[in-house]
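Each chain gets a letter, A, B and so on, in the order its sequence line appears, and its residues count up from 1.
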Amino acid sequence: MATESDLAGAIASALAGLGVEVLPDEIRLERPQRLEHGDWSTNVALVAAKRSGRQPRALADELAAALMAAPSRHVEAVEVAGPGFVNFRLAPGWLHDALGEVVTEGEGGYAAPDLGHDEHVQIEFVSANPTGPLHVGNGWFASYGDALARIMGRTGWRVEREYYVNDTGGQIRMLGESILARRRREQVPEGGYQGEYVAELAEHYDGPEDVVAAGRFAAARILANIKETLDQIHVRFDEWYSQASIEESGQVAETIELLRGKGHVYEEDGAVWLRSTEFGDVRNRVLVKSNGDATYLAGDLAYHRNKFLVRGFDRVINVWGADHHGQVASLKAGVEALGVERDRLEVRLGQLISLVNGRMSKRAGHYVALSELIGILGPDATRLVSLLSSIDQATTLDLGKVTAESAENPVYYVQYAHARIASIGRVAAERGIERVPLEAADLSLLVHPRELDVLRVLVELPRVVTEAALERAPYKVTNWVRGLAAAFHGFYHDCYVMGEGVPAELTQARLWLVEAARVGLSVGLGLLGVDAPDSM
RNA sequence: GCCCUCGUAGCUCAGUGGAUAGAGCACCGGCCUCCGGAGCCGGGUGCGCAGGUUCGAGUCCUGCCGGGGGCGCCA
């Protein structure tokens, strides 16, 4: 934002003139919550007061006086308030400049800062075991991972989406046993999978009485179903990476040998251990059990060696449920032992989604299927409700409530704003009104509070996208989109674009405002993977 | 027992060192001669408790209480 950097520069030179030294990043401009505190505000006088040997208010007064002596563009007043804030009151022109930036840079260019510098990042998410249909908790993480990929993709990262398919090991055997038991019309064994889908799959299984064969058959069918469900909410992976392929290719043994060569492995009680405590773990971990089988950790390390050292990702982000918290320390230790800087592996733990009547469990068959939720809410609302809050927030899902609220769902509010914009375009076309070029429009006519509200929200988008990308927090985009929709609905209600008695010049200026709002909604919804419809 | 995480309005959640803590839902009342009323406007007793850090704490630190999760030669 041009205005923001103008102000920062003016503050820096004013402080220099006062003989106060500050670091560039100590000059922070923020948008005050309350309009009466101006359009921009800085707390630099509070931060630098002690160092300059002045009281905060005194320094603020001097700074304000210096800034008013040579005001920057658009500045109408500089005021000192509270303990020593310096507030800038700007003429509406700064928002008109901002409107110009939005529509000139457009959907592709506005709020697309290069933060990633082409770093190659893999985001691995969902990765639910193919032992049952996805539940709504998986859906939450699917929306999160996909939105994060979109946001980082917009801000300069090269992103790949990956799903790790856990298609081997004891759970597949257990799935096979459950299938076979069902086929024999017997009770599913202790610890087996109870869901209805197991019975259905058993009906279609006509292979041998072999747990592995039955397990693989079922896993393949389930995985196909998982892909279908994810496709419905527009979540598509670049890679479906098979755990079995890691094991069968000998990469597990190679990885253990690599670790052994680096001296991080020892033998004890007939097992092979990783000295993970040397890399921050609370205890050492077994890689190869005394019966000769590799542990899950060994496989996971082979997988991560593959990510970093074979495929060469600069950064890997794993999106996991909080129930995998216990794996983080040993995985990070192992990755570091492999010679990869530990910061290149990021594990985002999302809080679990629980049901009002208890935690979900695939084994017990107690869960709400994601496909069921999609069937009720539709893809867009499903995505939006799961992106409303931070994944750090544990949420309790009441299916009855979510569906009851669906008619009042926030997705309609936001999409309705976009549909209204499209509607304005249709009416303009009917009436033969064409938008003049931006240079020919007089944006200074936009002075209605509702108009300025819309622009004030639009100004925030670059900052919001930046925070969302750096903090891996897509819900910030959701909040922003809702705020823009609210501002637009207010504008739409109070300011007719083509109403009776609206001068032609004002219509033109408002058409540009509408276009800017369209760009904002379109960018925001695109980052969330939610459709921006022209009519509803 | 130890570790992680969360605790903000009746409910779902924003607010990650700033000024008088905000939205949505639900509830009550108002608003359509013109671009879509799935909209707009108005109505609020709330930061789990107790200390600490500093100009300033919902935010950072410590302890306690409460919810969730984790501490395997399971995956």
Side-chain angles (χ1 to χ4, degrees), chain A residues 30 32-34 36-37 41 43 46-47 49-50 55-57 81-85 87 129 131 166 168-172 174 191 243 268-273 282-283 285-297 299-300 321-329 349 351-352 354 359 385 388-390 392-398 401-402 404-405 407-417 419-428 430-431 433 450 467 471 473 475-476 478-479 482-483 485-486 488-502 507 510 514 535-536:
Chain A
E30 55 183 45
Q33 297 267 325
R34 313 178 66 81
E36 69 232 47
H37 293 139
S41 172
N43 65 349
L46 292 160
V47 174
K50 208 169 262 181
Q55 294 297 317
R57 287 282 305 207
F85 291 102
N87 297 334
N129 295 341
T131 53
N166 233 299
T168 181
Q171 62 198 338
I172 296 298
M174 183 55 82
Q243 181 177 20
E268 191 176 291
D269 300 333
V272 178
W273 295 72
V282 293
R283 45 166 298 179
R285 308 282 173 175
V286 172
L287 293 175
V288 182
K289 305 182 216 171
S290 51
N291 70 3
D293 289 347
T295 58
Y296 182 84
L297 174 63
D300 219 12
D323 54 338
H324 290 88
H325 161 254
Q327 293 166 236
V328 177
L349 292 179
Q351 294 298 303
L352 299 182
S354 49
R359 186 183 159 180
V385 295
L388 284 174
S389 64
S390 157
D392 294 330
Q393 182 73 37
T395 55
T396 302
L397 185 66
D398 184 331
K401 216 165 210 174
V402 169
E405 283 177 6
E408 295 294 335
N409 200 286
V411 77
Y412 297 107
Y413 187 77
V414 172
Q415 291 187 323
Y416 187 47
R420 279 178 149 179
I421 288 171
S423 168
I424 289 172
R426 286 191 294 269
V427 172
E430 279 167 24
R431 299 186 189 175
I433 299 172
R450 297 291 210 174
E467 282 183 15
E471 297 170 22
Y475 75 93
K476 297 207 168 190
T478 316
N479 285 341
R482 296 173 78 186
F488 184 80
H489 284 308
F491 159 78
Y492 184 90
H493 185 266
D494 285 1
C495 303
Y496 280 97
V497 175
M498 295 163 289
E500 295 162 15
V502 178
T507 292
R510 284 181 172 167
V514 170
S535 63
M536 299 171 63

In whole Å, I'd like the distance from the OH atom of A:Tyr496 to the C1' atom of B:rC40.
11 Å
Partner nucleotide of B:rG24 by Watson-Crick or wobble geometry (both distances under 3.5 Å):
B:rC11
Touch class at under 4.0 angstrom, heavy-atom based, for A:Thr168 against every strand present:
sugar-phosphate
Classify A:Arg482 by what it touches in the nucleic acid, base, sugar-phosphate, or nothing, heavy-atom distance under 4.0 Å.
sugar-phosphate
Side-chain donor/acceptor of A:Arg420 to backbone N/O of A:Gln415, under 3.5 Å
no
Counting only N and O atoms by type, is there a donor-acceptor contact under 3.5 Å from the side chain of A:His489 to the main-chain atoms of A:Tyr416?
no
May I ask you to say what A:Asp392 touches in the nucleic acid, namely base, sugar-phosphate or nothing, with a heavy-atom cut-off under 4.0 Å?
sugar-phosphate
Per A:Gln351 side chain, nearest of listed nucleotides B:rC73, B:rU5, B:rU20:
B:rU5
Need one value for A:Glu36: base, sugar-phosphate or nothing, where a base atom within 4.0 Å counts as base even if backbone is also close, heavy atoms only.
base
Once you apply a heavy-atom cut-off of 4.0 Å, does A:Ser389 come out as touching a base, just sugar-phosphate, or nothing?
sugar-phosphate
For the pair made of CD in A:Gln327 and C1' in B:rC73, what is the distance, rounded to whole Å?
16 Å
Could you give the distance separating B:rA19 and B:rC60 at their P atoms, to the nearest angstrom?
15 Å
Sorted by chain and residue number, the salt bridge (Lys or Arg N to Asp or Glu O under 4.0 Å) partners of A:Glu30 (sequence neighbours excluded) come out as none
Would you say A:Arg285 and A:Thr295 make side-chain contact, with heavy atoms under 4.5 Å?
no
At less than 4.0 Å, is any side-chain N or O atom of A:Arg450 found next to OP1 or OP2 of B:rC41? Yes or no.
yes
Does A:Asp300 reach a base, just sugar-phosphate, or nothing at all? Heavy atoms under 4.0 Å.
nothing
Is there aromatic stacking of A:Tyr475 against B:rA14, centre distance under 5.5 Å, plane angle under 30°?
no
By nearest-nucleotide position on RNA chain B, the 5'-leaning member of A:Ala486 and A:Ala428 is A:Ala428
B:rG18, B:rC73, B:rA38: which one has an atom nearest the side-chain heavy atoms of A:Phe85?
B:rG18
Considering every strand shown, what is the Watson-Crick or G-U wobble mate of B:rU54 when both distances are under 3.5 Å?
none
Can you measure A:Glu430 atom CD to B:rC34 atom P for me and round it to whole angstrom units?
16 Å
Whole-Å C1' distance, B:rG24 and B:rG66:
26 Å
Applying the 3.5 Å cut-off to both distances, the Watson-Crick or G-U partner of B:rG44 turns out to be none
Could one point to a donor on the side chain of A:Thr295 or the base of B:rC73 with an acceptor on the other under 3.5 Å away?
no
Once you apply a heavy-atom cut-off of 4.0 Å, does A:Ala81 come out as touching a base, just sugar-phosphate, or nothing?
base
Checking A:Asn291 side chain against A:Asp293 main chain: does a donor-acceptor pair fall under 3.5 Å?
yes
Can you name the closest pair of heavy atoms from A:Arg426 and A:Ala419 and give their distance?
NH2-O, 4.2 Å
Within the pair A:Arg283 and B:rG72, is there a side-chain N or O less than 4.0 Å away from OP1 or OP2?
yes
Using the C1' atoms only, state how far B:rU12 lies from B:rG1, rounded to an integer number of Å.
35 Å
Nearest-angstrom distance, P atom, B:rA38 to B:rG43:
24 Å
base_contact_polar (B:rA14 base, A:Ser390 side chain, donor-acceptor, <3.5 Å):
no
Check every strand shown and say whether A:Gln33 touches a base, only sugar-phosphate, or nothing at a heavy-atom separation below 4.0 Å.
nothing
Examine A:Phe488 together with A:Phe491 and report whether their ring centres are nearer than 6.0 Å.
yes
Checking N1-N3 plus N6-O4 or O6-N4 for Watson-Crick, or N1-O2 and O6-N3 for wobble, each under 3.5 Å, the partner of B:rG63 is B:rC49
Residues A:Ala49 and A:Gln55: closest non-hydrogen pair is CB-C, 4.2 Å
note: A:Leu349, atom CG; B:rG69, atom C1'; distance rounded to Å ~ 10 Å
How far does the P atom of B:rG52 sit from the matching atom of B:rU59, given to the nearest Å?
14 Å
Just the rounded figure in Å: distance from C1' of B:rA75 to NE2 of A:His324.
8 Å
Heteroatom pairs (N/O) under 3.5 angstrom, protein to nucleotides 55-60 of chain B:
unit_1, atom_1, unit_2, atom_2, d
B:rC55, OP1, A:Lys50, NZ, 2.7

Output the single nucleotide from B:rA38, B:rC35, B:rG24 whose closest atom is nearest the side chain of A:Tyr412.
B:rA38
Just by distance, do the side chain of A:Thr507 and the backbone of A:Val497 share a donor-acceptor pair under 3.5 Å?
yes
B:rC73 and B:rG67, which share atom name P, separated by this distance in whole Å:
29 Å
Contact under 4.0 Å: A:Arg420 side-chain N or O vs B:rG37 OP1/OP2
yes
When the C1' atoms of B:rA14 and B:rA23 are compared, how many Å lie between them, rounded to an integer?
7 Å
Could you tell me whether A:Val286 contacts a base, only the sugar-phosphate backbone, or nothing, with contacts defined as non-hydrogen atoms closer than 4.0 Å?
base
At under 4.0 Å between heavy atoms, what does A:His489 touch on the DNA or RNA strands: base, sugar-phosphate, or nothing?
sugar-phosphate
What nucleotide, of B:rU20, B:rG69, B:rA75, holds the atom closest to the side chain of A:Lys289?
B:rA75
Verify the contact: side-chain N or O of A:Tyr492 to OP1 or OP2 of B:rA38, cut-off strictly under 4.0 Å; return yes or no.
no
Take atom CD in A:Gln33; do more than 12 heavy atoms of anything else shown fall under 6.0 Å from it?
no
Do you know which two heavy atoms are closest between A:Ser41 and A:Phe85, and how far apart they sit?
OG-CD2, 4.0 Å
Base, sugar-phosphate, or nothing for A:Gln415, non-hydrogen atoms under 4.0 angstrom?
nothing
Record whether the side chain of A:Asn43 comes under 3.5 Å of the base of B:rG18 through a donor-acceptor pair of N or O atoms.
yes
Given B:rC40, B:rG69, B:rU20, which nucleotide is nearest the side-chain atoms of A:Arg34?
B:rU20
Of the nucleotides B:rA75, B:rG18, B:rA14, which one has an atom closest to the side chain of A:Gln171?
B:rA75
Which heavy atom of A:Trp273 sits nearest a heavy atom of A:Arg283, and at what distance?
CZ3-NH2, 4.0 Å
Look at the side chain of A:His493 and decide which nucleotide, out of B:rG69, B:rG15, B:rC40, has an atom nearest to it.
B:rC40
For B:rA21 versus B:rU16, give the span between their C1' atoms, rounded off to a whole number of Å.
14 Å
I want to confirm an ordering. Mapping A:Val282 and A:Leu297 to their closest nucleotides on RNA chain B, which one lands closer to the 5' end?
A:Val282
Quick one: which of B:rC35, B:rC73, B:rA19 gets closest to the side chain of A:Trp273?
B:rC73
By nearest atom, which of the nucleotides B:rA75, B:rU16, B:rG39 is closest to the A:Lys476 side chain?
B:rU16
Identify which nucleotide among B:rA75, B:rC35, B:rA38 has an atom closest to any side-chain atom of A:Tyr416, counting heavy atoms from C-beta outward.
B:rA38
